[in-house]
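What follows is a set of notes on a single structure, which appears directly below.
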Protein chains: 2
Amino acid sequence: MSRAEALSPTRLKDAAPLFAALGDATRLGLLVSLCSGGPLTVTRLSGQFDVSRQAITKHLDVLAEAGLVKSSRQGRERIWTFEPKRLEDAHQYLERLSREWDVALGRLKAFVET
Amino acid sequence: MSRAEALSPTRLKDAAPLFAALGDATRLGLLVSLCSGGPLTVTRLSGQFDVSRQAITKHLDVLAEAGLVKSSRQGRERIWTFEPKRLEDAHQYLERLSREWDVALGRLKAFVET
DNA sequence: AAAAAATGCAACCAGGGGGTTGCATCATTC
DNA sequence: GAATGATGCAACCCCCTGGTTGCATTTTTT
């Protein structure tokens with residue numbers, strides 16, 4: 001394994017929590033809001049969903065833990081912003097998977113043609 | 001929204017269960033095995049992980065529910081195979097998200113330059 | 001036909017996840 | 001400085017998930 005690969009966050013053990021963070025409808029909705037609606041505060045965000053503000057806070061914490069969002073204090077309010085890096089990691093992981101699949105298909109095809 | 005988009009399984013409500021299925025290290029391992037190791041049986045698969053065969057069965061059921069694997073009976077054993085379609089759906093959903101992000105960035109840039 | 005192999009099915013258990021309510025705290029604004 | 005607004009923190013609840021064990025069922029194999 002190359003050093004770059006060893007440090008890559010797209011290794012299996014790191015990819016699972018990332019996908020887990022994406023695996024909730026409310027959290028995906030939050031990502032969409034922050035993505036297209038720009039940086040927002042918790043109370044603003046919770047207005048768009050029918051769950052309590054505290055529930056939204058928990059979801060944002062999960063997303064932050066996965067590195068998908070970032071927050072910063074600004075006076076009395078906390079601003080949440082989308083963080084595209086980890087999304088790219090997930091993207092790359094999926095690509096590696098399907099590439100491995102294509103390789104396997106290639107092997108099978110070569111085997112059949114023998 | 002176009003008809004194709006309306007029917008696409010990459011809409012938010014369908015994407016969440018898909019990512020949730022991917023959000024477990026054991027299940028990702030199973031996908032990798034089926035992907036690169038070819039179709040396998042449950043007992044063969046459970047040999048590669050340190051959980052019981054029944055636990056692996058449950059994981060495979062989750063993956064099947066999400067459309068990521070498929071199974072077929074063959075005599076007394078059941079063969080599990082990787083199913084690449086849904087992976088492509090997940091891939092597309094991530095791309096749509098990051099595209100939306102890029103659009104938002106573009107808007108911001110245009111606004112700043114005014 | 002009996003033994004062995006692969007799977008199916010069910011009950012059970014511990015822990016975490018998603019949700020809530022209630023209240024404390026900190027910054028603004030009048 | 002008192003009221004209001006935005007968060008933070010904690011306790012609690014329910015249920016789903018990931019895991020287990022034990023046993024029944026179906027096919028092979030000898």
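On a predicted model such as this, the values are computed, not experimentally measured, just so you know. Lettering of chains follows the sequences in order, A, B, ..., and the numbering in each one begins at 1.
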Inset, instruction - Return yes if some donor-acceptor pair links the side-chain N/O of A:R107 with the main-chain N/O of B:S36 below 3.5 Å, else return no. - result: yes
Legend entry - Touch class at under 4.0 angstrom, heavy-atom based, for B:R44 against every strand present: nothing
Legend entry - side-chain hydrogen bond (donor to acceptor under 3.5 Å, both in side chains): pairs with one or both residues in residues 71-80 of chain B, sequence neighbours excluded: B:S71-B:R78
Inset, instruction - Grab the CZ-C1' distance between A:R27 and C:dG18 for me, whole Å please. - result: 9 Å
Inset, instruction - Any chance you could measure A:L87, atom CG, to A:C35, atom SG, to the nearest 0.5 Å? - result: 7.5 Å
Inset, instruction - Using the test side chain to side chain contact (heavy atoms under 4.5 Å, CB included), find all partners of A:A55 that sit at least two apart in sequence or belong to another chain. - result: A:V51, A:S52
Inset, instruction - Whole angstrom is fine here: how far is it from CG in A:D24 over to P in C:dG16? - result: 18 Å
Inset, instruction - State, with a plain yes or no, whether a side-chain heavy atom of A:D24 is found less than 4.5 Å away from one of A:V62. - result: no
Identify each atom pair where a protein N or O and an N or O of nucleotides 20-22 of chain D are less than 3.5 Å apart, giving names and distance.
| residue | atom | partner | partner atom | Å |
| --- | --- | --- | --- | --- |
| D:dT20 | OP2 | B:S52 | N | 2.8 |
| D:dT20 | OP2 | B:S52 | OG | 2.7 |
| D:dG22 | O6 | B:Q54 | NE2 | 2.8 |

Legend entry - Interface with DNA chain C, restricted to residues 33-40 of chain B and to heavy atoms under 4.0 Å: none
Inset, instruction - Kindly write out the residues that satisfy side chain to side chain contact (heavy atoms under 4.5 Å, CB included) with A:A66, not counting sequence neighbours, or none if the list is empty. - result: A:L18, A:A21, A:L68
Legend entry - Under-4.0 Å side-chain N/O to phosphate OP1/OP2 contact, A:H59 with C:dG17: no
Legend entry - ILVMFWY cluster, B:L40 and B:I56 together (side-chain gap under 4.5 Å): yes
Inset, instruction - To the nearest Å, give me how far apart CG (B:L22) and P (D:dT17) are. - result: 15 Å
Legend entry - Within residues 54-67 of chain B or reaching into it, pairs that qualify as side-chain hydrogen bond (donor to acceptor under 3.5 Å, both in side chains) - sequence neighbours excluded: B:R27-B:H59
Legend entry - Qualifying residues under side-chain hydrogen bond (donor to acceptor under 3.5 Å, both in side chains), relative to A:Q48, sequence neighbours excluded: A:S33
Inset, instruction - Give, ordered by number, those residues of residues 61-80 of chain A having at least one heavy-atom distance below 4.0 Å to an atom of DNA chain C; if nothing qualifies, reply none. - result: A:G75, A:R76
Legend entry - Set of residues satisfying side-chain hydrogen bond (donor to acceptor under 3.5 Å, both in side chains) with respect to B:K85, sequence neighbours excluded: B:E83
Inset, instruction - Applying side chain to side chain contact (heavy atoms under 4.5 Å, CB included), name anything that partners A:T81, two or more places apart in sequence or on another chain. - result: A:P39, A:K70, A:I79
